[in-house]
Amino acid sequence: MNRINAQNFCHGLTESSYLVSELDEQKRAFNWEYLNAKGSDPTHAFYNGLTSYNGTWWWDQPSGYPMWPLNPMSGAAPARSGCVADMKYSDGTYSWTPISCSNLFRFLCESVACDTDNYCDF
């Protein structure tokens, strides 16, 4: 899907769903491992929840909740604003790469985990 349709799809799954965040390298590695699990076609790019508004980078969050600002410790912000895809290159490195929001890529959704210790009012 394109970026907007991917975000709308995730937000439509449940009240607490959104495009995946990558708040640290461990989460980013998990996302890549999940997308490239055995038996699936290799993925070289996907949409995550990183987006730019008014020159600041933010992580998508559930509808009605404020977005989280990008922590510089979680990775280098892309040089251009707009949409990004997490891209893996032939040398094995990956980066948040500025792209057209109309490009079609895979994407990951995630949802807030709720239980008796982490009550969610959704």
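Sequence positions, counted from 1, serve as the residue numbers for this chain.
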Engineer: Which heavy-atom pair separates Gln61 from Trp68 by the least distance, and what is that distance?
Structural biologist: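 Taking Gln61 first and Trp68 second, the nearest heavy atoms are OE1-CE2, 3.6 Å.
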Engineer: What closest approach, in Å, do Thr14 and Ser111 show between heavy atoms, and which atom pair accounts for it?
Structural biologist: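 Distance-wise, the nearest heavy atoms are OG1-OG, 3.7 Å.
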Engineer: In Å and rounded to the nearest 0.5 Å, what is the OG to NZ distance from Ser95 to Lys88?
Structural biologist: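 The distance works out to 12.0 Å.
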Engineer: For Ala45 and Met87, which heavy atoms make the closest approach, and how far apart are they?
Structural biologist: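 Heavy atoms only, the tightest pair is CB-CG, 3.9 Å.
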Engineer: So do Tyr94 and Trp32 actually touch side chain to side chain, heavy atoms under 4.5 Å?
Structural biologist: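 In contact.
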Engineer: Which donor-acceptor pairs under 3.5 Å do the side chains of residues 46-54 make with protein atoms, sequence neighbours left out?
Structural biologist:
| unit_1 | atom_1 | unit_2 | atom_2 | d |
| --- | --- | --- | --- | --- |
| Tyr47 | OH | Asn103 | O | 2.6 |
| Asn48 | OD1 | Leu50 | N | 2.9 |
| Asn48 | ND2 | Glu22 | OE1 | 3.2 |

Engineer: ring-ring contact (aromatic ring centres under 6.0 Å, His included) between Tyr65 and Tyr18: does it pass, once the steps are laid out?
Structural biologist: CA-CA 11 Å; Tyr65 282 75; Tyr18 53 97; 9.3 Å; no
Engineer: Looking at Arg3 and Leu19, what are the two nearest heavy atoms and their distance?
Structural biologist: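 Shortest heavy-atom separation between Arg3 and Leu19 comes out as NH1-CD1, 3.4 Å.
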Engineer: Decide, yes or no, whether a salt bridge links Glu110 with Lys27 under the criterion of side-chain N to carboxylate O below 4.0 Å.
Structural biologist: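 So Glu110 pairs with Lys27 through a salt bridge.
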Engineer: Just verifying a value: how many Å separate Leu23 CG and Leu70 CG, rounded to the nearest 0.5 Å?
Structural biologist: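 Here the interatomic distance stands at 9.0 Å.
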Engineer: With rounding to the nearest 0.5 angstrom, report the OG to CD1 distance, Ser102 to Ile4.
Structural biologist: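 The OG atom of Ser102 sits 10.5 Å away from the CD1 atom of Ile4.
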Engineer: Are Trp96 and Arg28 side-chain neighbours, meaning at least one heavy-atom pair lies under 4.5 Å?
Structural biologist: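 Yes, close enough: below the 4.5 Å cut-off.
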Engineer: Considering only residues two or more places apart or on different chains, which pairs with a residue in residues 51-89 satisfy disulfide (SG to SG under 2.5 Å)?
Structural biologist: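 Counting only pairs at least two positions apart or across chains, the disulfide (SG to SG under 2.5 Å) contacts touching residues 51-89 are Cys83-Cys101.
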Engineer: Do you know which two heavy atoms are closest between Thr43 and Leu35, and how far apart they sit?
Structural biologist: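 Distance-wise, the nearest heavy atoms are OG1-O, 3.6 Å.
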Engineer: In sequence, state the C-alpha distance, the side-chain angles, and the governing distance for Phe30 and Glu25, and then conclude on side-chain contact (heavy atoms from CB on, under 4.5 Å).
Structural biologist: CA-CA 8 Å; Phe30 173 84; Glu25 285 298 318; over 6 Å; no
Engineer: Heavy atoms only: give me the nearest Ser21-Trp59 pair and the separation to one decimal.
Structural biologist: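 Distance-wise, the nearest heavy atoms are CA-CE3, 3.6 Å.
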Engineer: Count the heavy atoms of every other residue, nucleotide or ligand shown that sit under 6.0 Å from CZ of Phe9, and state whether that count exceeds 12.
Structural biologist: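 Open.
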Engineer: Between Ile99 and Met1, is there shared hydrophobic-cluster membership here, with clusters defined by ILVMFWY side-chain heavy atoms closer than 4.5 Å?
Structural biologist: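 Linked, Ile99 and Met1 end up in one cluster.
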Engineer: If you round to the nearest 0.5 Å, how far is CG of Asn2 from CZ of Phe107?
Structural biologist: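 If I round to the nearest 0.5 Å, the distance is 10.0 Å.
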Engineer: So which pairs with a foot in residues 2-31 pass disulfide (SG to SG under 2.5 Å), sequence neighbours left out?
Structural biologist: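 Output for this query lists Cys10-Cys109.
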Engineer: State whether a side-chain donor-acceptor pair under 3.5 Å links Ser63 with Glu15.
Structural biologist: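 No.
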